[in-house]
There are 2 protein chains.
Amino acid sequence: MLQAGADIDTSETLTERQQAVLNAALRLLVEEGDNVTMTAVARRASCSKETLYKWFGDRDGLLTATVQWQASKVRVAPVDRKSLDLASLAASLERFASDWLKVISSDTSIALNRVAVGHAGSGKDDLGAIVLQNGRFALARRLKPVLEAGRQAGLLDFEDAETAFRTFFGLVGRDVQIRLLLGDRVELTEATIGGDARRATQQFLALFGANNRLKGL
Amino acid sequence: MLQAGADIDTSETLTERQQAVLNAALRLLVEEGDNVTMTAVARRASCSKETLYKWFGDRDGLLTATVQWQASKVRVAPVDRKSLDLASLAASLERFASDWLKVISSDTSIALNRVAVGHAGSGKDDLGAIVLQNGRFALARRLKPVLEAGRQAGLLDFEDAETAFRTFFGLVGRDVQIRLLLGDRVELTEATIGGDARRATQQFLALFGANNRLKGL
DNA sequence: CTAGAGGCGTACCGTACGTTACGGTTCGGC
DNA sequence: GCCGAACCGTAACGTACGGTACGCCTCTAG
């Protein structure tokens, strides 16, 4: 399993200038992929390489800080306290699905996941763990309470919240993320995302909604 | 969309020795990730670098050949002609799910997807397209006839085979592939794979089986 | 038996890039 | 106005690695 605490909030310890540098590094990462050079970051951020090394140690440190910096920015608003009826539950789920699809199809997410996947092979840093914590696991942490509330209210029926979440995750994401990461051009307009979110939600409710005959899966 | 014909069969044009070299490169790729060096491949394969360059052009050529070589090996047996009852349809789907989970959780698949994802950013080669063609799209090509047959036999009900396939894909894969690619240790024993395959199949049948009330999704 | 092709091992070259060092500049505190 | 710290820009260093050249061996054809 992954190290806990990989998603500590770093926005406090970073000065304004450092955040600007990390934003520059992030933009460069999106444009160039993992072959960003320290020189390029320094030039883009209008800072010296010496400063980069003083602040972030080495290249891996800079990359890690950049990923954590972006991760700290996508901290999404917790779901509104549940009003416990089917319509609002469906709306919540749909919202989660839509937000999630928007995130994974964004340029920055794709770029970050690409470098994290690339680094996951040779375990020098923990970019994979960081991305996972702030992506898939953060989503689970935010969604599970909603699922549990739905169960409490008798709207959902499942054994294990984790399993239910993973099914929802699969219904929403399907092949989108891997195709995007592998460079396939998936057309994801606002409209298709909305449609996919609704479809995934309805399918999930069909599988896990209370009072239907689909039990024991 | 992706280039067609990215999955041409290369096993004819390769000599025994070349295949051995590619196998060595593949093993090294699994062990070391994308930072395999030409020297390392040459040493592992007991051949000279000059030979590598003569045969494969450059490093990208070697990588591409390696990925295609592995891809050509996983060409799976086409499904047996469908005997058109629900049990055999379910068995087929379960088999597909199980095979697919075994593939994506294998060391070689993870390694290959990692380098392909890494290379997808800076579009020098088409590793992403190759992996996609021999992975996700090959699966679709093999599974869709089964789905269509199920529909013909009145066992399945869906509008679009592509959409149905993608849902099945999501139900089977869920978060497994991205977690593995990002370095998470997902425990995937023979038993859990079997269970997941059965669960995914039942869920899919619940959503797309004929004669149930879940229409219009 | 010889010639030549194919291939192994290794040394070598050029370059890109991570990392370090250094001189010049800005700026807050005295 | 002066000092030191922080920082910018750039030059320099070391290394790793892609790519090439070359000497030697082996094996097959004639």
Side-chain angles (χ1 to χ4, degrees), chain A residues 12-67 69 111 114-116 118-119 121-127, chain B residues 12-67 69 111 114-116 118-119 121-127:
Chain A
E12 311 306 323
T13 67
L14 291 174
T15 77
E16 200 72 36
R17 181 82 181 99
Q18 286 170 327
Q19 297 179 12
V21 169
L22 291 184
N23 279 332
L26 185 60
R27 289 205 311 278
L28 221 36
L29 209 60
V30 171
E31 297 170 16
E32 307 278 343
D34 196 6
N35 34 16
V36 270
T37 169
M38 298 296 277
T39 313
V41 173
R43 191 157 41 214
R44 176 71 69 99
S46 292
C47 75
S48 76
K49 288 207 273 180
E50 190 173 21
T51 304
L52 290 184
Y53 283 100
K54 179 186 296 189
W55 285 350
F56 306 108
D58 57 1
R59 188 176 185 275
D60 280 338
L62 174 61
L63 250 46
T64 303
T66 305
V67 172
W69 165 239
R114 285 217 179 111
V115 346
H119 281 232
S122 56
K124 304 198 308 173
D125 43 33
D126 289 328
L127 293 188
Chain B
E12 310 306 323
T13 67
L14 292 174
T15 75
E16 200 72 34
R17 182 81 182 101
Q18 286 170 328
Q19 296 179 13
V21 169
L22 290 184
N23 279 332
L26 186 60
R27 288 205 311 278
L28 221 37
L29 209 60
V30 172
E31 297 170 17
E32 307 277 342
D34 196 6
N35 34 15
V36 271
T37 169
M38 297 297 277
T39 311
V41 173
R43 192 157 39 217
R44 175 70 70 99
S46 292
C47 74
S48 75
K49 285 209 283 177
E50 191 171 20
T51 304
L52 291 183
Y53 283 101
K54 180 186 296 188
W55 285 349
F56 305 108
D58 57 1
R59 187 175 185 275
D60 279 338
L62 175 61
L63 250 46
T64 303
T66 304
V67 172
W69 165 239
R114 286 218 178 110
V115 347
H119 281 232
S122 57
K124 304 199 307 175
D125 43 33
D126 288 328
L127 292 189

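Every chain is numbered from 1 and lettered A, B, ... according to where its sequence line falls, protein lines coming before strand lines.
Looking at residues two or more places apart in sequence or on another chain, you find no side chain to side chain donor-acceptor pair (under 3.5 Å) involving B:T37. Under the salt bridge (charged side-chain N to carboxylate O under 4.0 Å, His left out) criterion, A:D34 pairs with A:R59, not counting sequence neighbours. Residues meeting the salt bridge (charged side-chain N to carboxylate O under 4.0 Å, His left out) test with B:D60, sequence neighbours left out: B:K124. Shown here are the salt bridge (charged side-chain N to carboxylate O under 4.0 Å, His left out) partners of A:E32, two or more places apart in sequence or in another chain: there are none. Listed by chain and number, the residues in a side chain to side chain contact (heavy atoms under 4.5 Å, CB included) with A:A111 are A:V30 (sequence neighbours excluded).
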Contact string for nucleotides 15-20 of chain D, one letter per nucleotide 5' to 3', B = base within protein heavy-atom range under 4.0 Å, S = sugar-phosphate only, - = neither, reads --SSBB

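Counting any heavy atom pair closer than 4.0 Å across all strands shown, B:R43 reaches no nucleic acid atom.
Atom CZ of A:R17 is separated from atom P of D:dC7 by 9 Å (rounded to the nearest Å). Look at CD on B:E16: it is 17 Å from C1' on C:dG6, rounded to the nearest Å.
With B:V41 as the partner, the side-chain contact (heavy atoms from CB on, under 4.5 Å) test is satisfied by one option alone out of B:L63, B:L29, B:L52: B:L52.
Between A:W55 and D:dC7 there is a side-chain N or O to OP1 or OP2 distance below 4.0 Å. For D:dC7, the OP1/OP2 oxygens have no side-chain nitrogen or oxygen of A:S48 closer than 4.0 Å.
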